[in-house]
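Working notes for the structure below.
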Number of protein chains: 2
Amino acid sequence: MGSPAQRRTTIKDVAEMAGVGVATVSRVLSGGSASAETRERVLDAATKLDYRPSALGRNLRQQRSGGIALLIPDITDSIYARLTDGVLSCARSYREPVTIGVTGDDPEQEADLVGSLLEQSMDRVVAVPSGNGEMWTPAIRAGLDVVFADRRVSGEQRALDEVPAVLADDRAGVRTAVEYLTGLGHRKIGFLARHGQAERVEAFRAALGDLLDEDLIVHARASRDSAYAAAAGLLQRRPDLSAVLAGGNKLGEAAVLAARELDVRIPRDLSLVMFDDVPWAELCSPPLTVIAQPGQDIGYRAAELVMRQGRRPRTVLLPTELIIRGSCGPRR
Amino acid sequence: MGSPAQRRTTIKDVAEMAGVGVATVSRVLSGGSASAETRERVLDAATKLDYRPSALGRNLRQQRSGGIALLIPDITDSIYARLTDGVLSCARSYREPVTIGVTGDDPEQEADLVGSLLEQSMDRVVAVPSGNGEMWTPAIRAGLDVVFADRRVSGEQRALDEVPAVLADDRAGVRTAVEYLTGLGHRKIGFLARHGQAERVEAFRAALGDLLDEDLIVHARASRDSAYAAAAGLLQRRPDLSAVLAGGNKLGEAAVLAARELDVRIPRDLSLVMFDDVPWAELCSPPLTVIAQPGQDIGYRAAELVMRQGRRPRTVLLPTELIIRGSCGPRR
DNA sequence: ACTCCCCATGGAAACGATTCCATCAGAATT
DNA sequence: AATTCTGATGGAATCGTTTCCATGGGGAGT
């Protein structure tokens, strides 16, 4: 607003005041070698002038803009908010800015965002991939450093298999939940899945074994409506259902709402286990039994991996935890 | 990973292929004047080479890195997640990247983040300010374009009064809630406030009038523990309390938990109105009556304002809405 | 026919940092 | 004493874009 906008102090100013060349200033400031006396003079001048190196100049020279990019499906979903929080907290310790983009679980938008990353010369990305991940291949070849979080891509291309991934141990989580439910006597167990949760569905199939009934596995899109429709549909279509595993907190919410609407009481008529522990799970009536995922940790570890240069593990599996509250009961 | 990392195509390559100078290419691509024939040749070459202008070069030249910075207290809080979503959705329509930082409601961290914005030459910020906002004054003078969202600063400095702000109409929200509660017969109404919610507290005082009892206004920090302590403390200290207004969803959650713990039944023994509608308010038992705030709109409008160059309104007030569910009853 | 003006155009400067390379002084080695 | 080595130092190139300015050609106006 009408400010005179004085020129910012550059490395040149510092060099002049310290009576040295710009190269020396740059070296001193980035830890290169210099004599003690020179170093002091430069540091002194920098402090006096309140010099802050311009990220712009550096970025152009190094052909890369620092910072971490983060691509998630939906920031309003608690699990991704926590993941984001983890990334931010790791990035902060490296003093790196974080640029965030939401994909809406849409591969097209995701590809679009990857494009704009390239345009910005960002070369470090933590991403929750949406599609089959084919848009990543060229970007990775172009030098992009990617770490997947929370999911990995189906992966047929070679390059994608090299991408490290930080994941919750879904298989173990699903298995534990299923064992818990079968232990309670349940035989007809449904699974409310979001599209793209292939791994969880697969684990569900494996865990159920003989009890598997494909008709009890239903898929929804990420939207609230779709989740509700899937839940209500399943409940109406299969009154013999006695337990449900919800693949995410939105689906869990939908299941609770649908059950309430259809006058199916939890846990008397229906047992419910939800993926992802959220604050409200405890406030819900009844309090929900959940498979907690370490969302914040996933983000933190993924950011850590993307910051590391050297060899990195291909996959990090983080443990889940079954938290038993009040939404499951014995089969009646 | 060991890729040859081929040089990216620059404007020079395009110029060469089109047989024109780089200046002409730049002009064509940024909508300057050029003959139809030249334009076509340039566009053709650009397409053929899959040329994407480097944001780095442009930023350095223009002395500003595009994009919007967003500073919020806590991304895992639903209200700020929605605000962020709004900012992202506006930014996307301008094709601008969004850099995000969390302040933890700590002025020191906030100042630190503002510093790093300057370093990055970001000049557009949407911020939920934490402290008294003094750290903003120099930054604004240095040419930073700021829009406050959700809160405004206490503001004693001239420069801060010029900063546009997009806010929920807290006063009206509080007034409506208080009127609703007094209408139900309540006389002893408490307020669980977060530090920094001066405006809401003030509105609360004004709305209560004669009924005001300063002892019923308690403050908590943003943390979960602090919120719980404040809620439990209030409930224990003043058993004569018959209704509570919670200043945010964390405080509402704390109130529900504390009431449950102390065997205070809602709404029989205590009526509860919570600021901020969250998905779980409906799932809670009983479903919570809330003052809904348009979090996403606040973010969108704030981002819109920060993108506009020209004259901007000083303050945008967005309406709140009282959503009556089941957490309030008549005084007993 | 002469002048004037406008527009398209390209060369070159600028942005602010890092880094290559040449230089030079002084120490260490032969 | 001559040579080599080491480490500090500064000049200049470089990154990719935008934008200033000079140039030149062609059309319009007198």
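We name chains A, B, ... by the order of the sequence lines, and we start the count at 1 in each one.
- Summary of the strand contacts: B/Ala23 and A/Ser30 both lie near DNA chain C, and taking for each the nucleotide with the nearest heavy atom, the more 5' one is attributed to B/Ala23.
- Comment: B/Asp123 engages B/Arg64 in a salt bridge, judged by a side-chain N to carboxylate O separation of less than 4.0 angstrom.
- What separates NZ of A/Lys12 from C1' of D/dG10 is a distance of 13 Å, to the nearest Å.
- What separates CG of B/Leu29 from P of D/dG16 is a distance of 16 Å, to the nearest Å.
- Taking the charged nitrogens against the carboxylate oxygens, B/Asp145 and B/Arg312 do have a contact shorter than 4.0 Å, which makes a salt bridge.
- In this structure, B/Ser54 reaches the sugar-phosphate backbone alone: every heavy-atom distance under 4.0 Å involves primed, P, OP1 or OP2 atoms, never a base.
- Between the side chains of B/Ser121 and A/Arg8, at least one donor-acceptor pair of N or O atoms lies under 3.5 Å.
- When rounded to the nearest whole Å, the span between CZ of A/Arg58 and C1' of D/dG16 equals 18 Å.
- Electrostatic pairing of B/Glu37 and B/Arg41 counts as a salt bridge here, judged by a charged N lying under 4.0 Å from a carboxylate O.
- Among the protein residues, A/Ser26 comes within range of the nucleic acid bases, having at least one heavy atom under 4.0 Å from a base atom.
- Between A/Ser33 and D/dA8, a side-chain N or O to OP1/OP2 separation shorter than 4.0 Å is present.
- Projected onto DNA chain C by closest heavy-atom contact, B/Val20 and B/Leu60 fall at different nucleotides, the more 5' of which corresponds to B/Val20.
- The shortest distance between the side-chain N/O atoms of B/Thr10 and the OP1/OP2 oxygens of D/dC15 is not below 4.0 Å.
- Spacing between atom CD1 of B/Ile11 and atom P of C/dA12 amounts to 16 Å, rounded to whole angstrom units.
- Rounded to an integer number of Å, the gap from A/Asn59 CG to C/dG16 C1' is 11 Å.
- Taking atom CD on B/Glu16 and atom P on D/dG16, their separation rounds to 14 Å, with Å as the unit.
- Judged by atom type and distance alone, B/Arg27 reaches the base of C/dG10 through a side-chain donor-acceptor pair under 3.5 Å.
- Counting only heavy atoms from C-beta on, A/Ser35 has its side chain closest to D/dA8 among C/dG16, D/dA8, D/dG16.
- For the pair A/Arg52 CZ and C/dG16 P, the interatomic distance rounds to 16 Å; values are reported in whole Å.
- Atom CD of B/Gln62 is separated from atom P of D/dT17 by 12 Å (rounded to the nearest Å).
- Side-chain N/O atoms of B/Arg61 and base N/O atoms of D/dT17 include no donor-acceptor pair closer than 3.5 Å.
- Salt bridge status for A/Asp105 with A/Arg151: present, with a side-chain N to carboxylate O gap under 4.0 Å.
- OP1 or OP2 of D/dT9 has at least one side-chain nitrogen or oxygen of A/Thr38 nearer than 4.0 Å.
- Residue B/Gly21 is classed as a sugar-phosphate contact, given heavy-atom separations below 4.0 Å to backbone atoms only.
- Toward the 5' end of DNA chain D, the nearer of the two residues B/Thr24 and B/Leu56, judged by each one's closest nucleotide, is B/Leu56.
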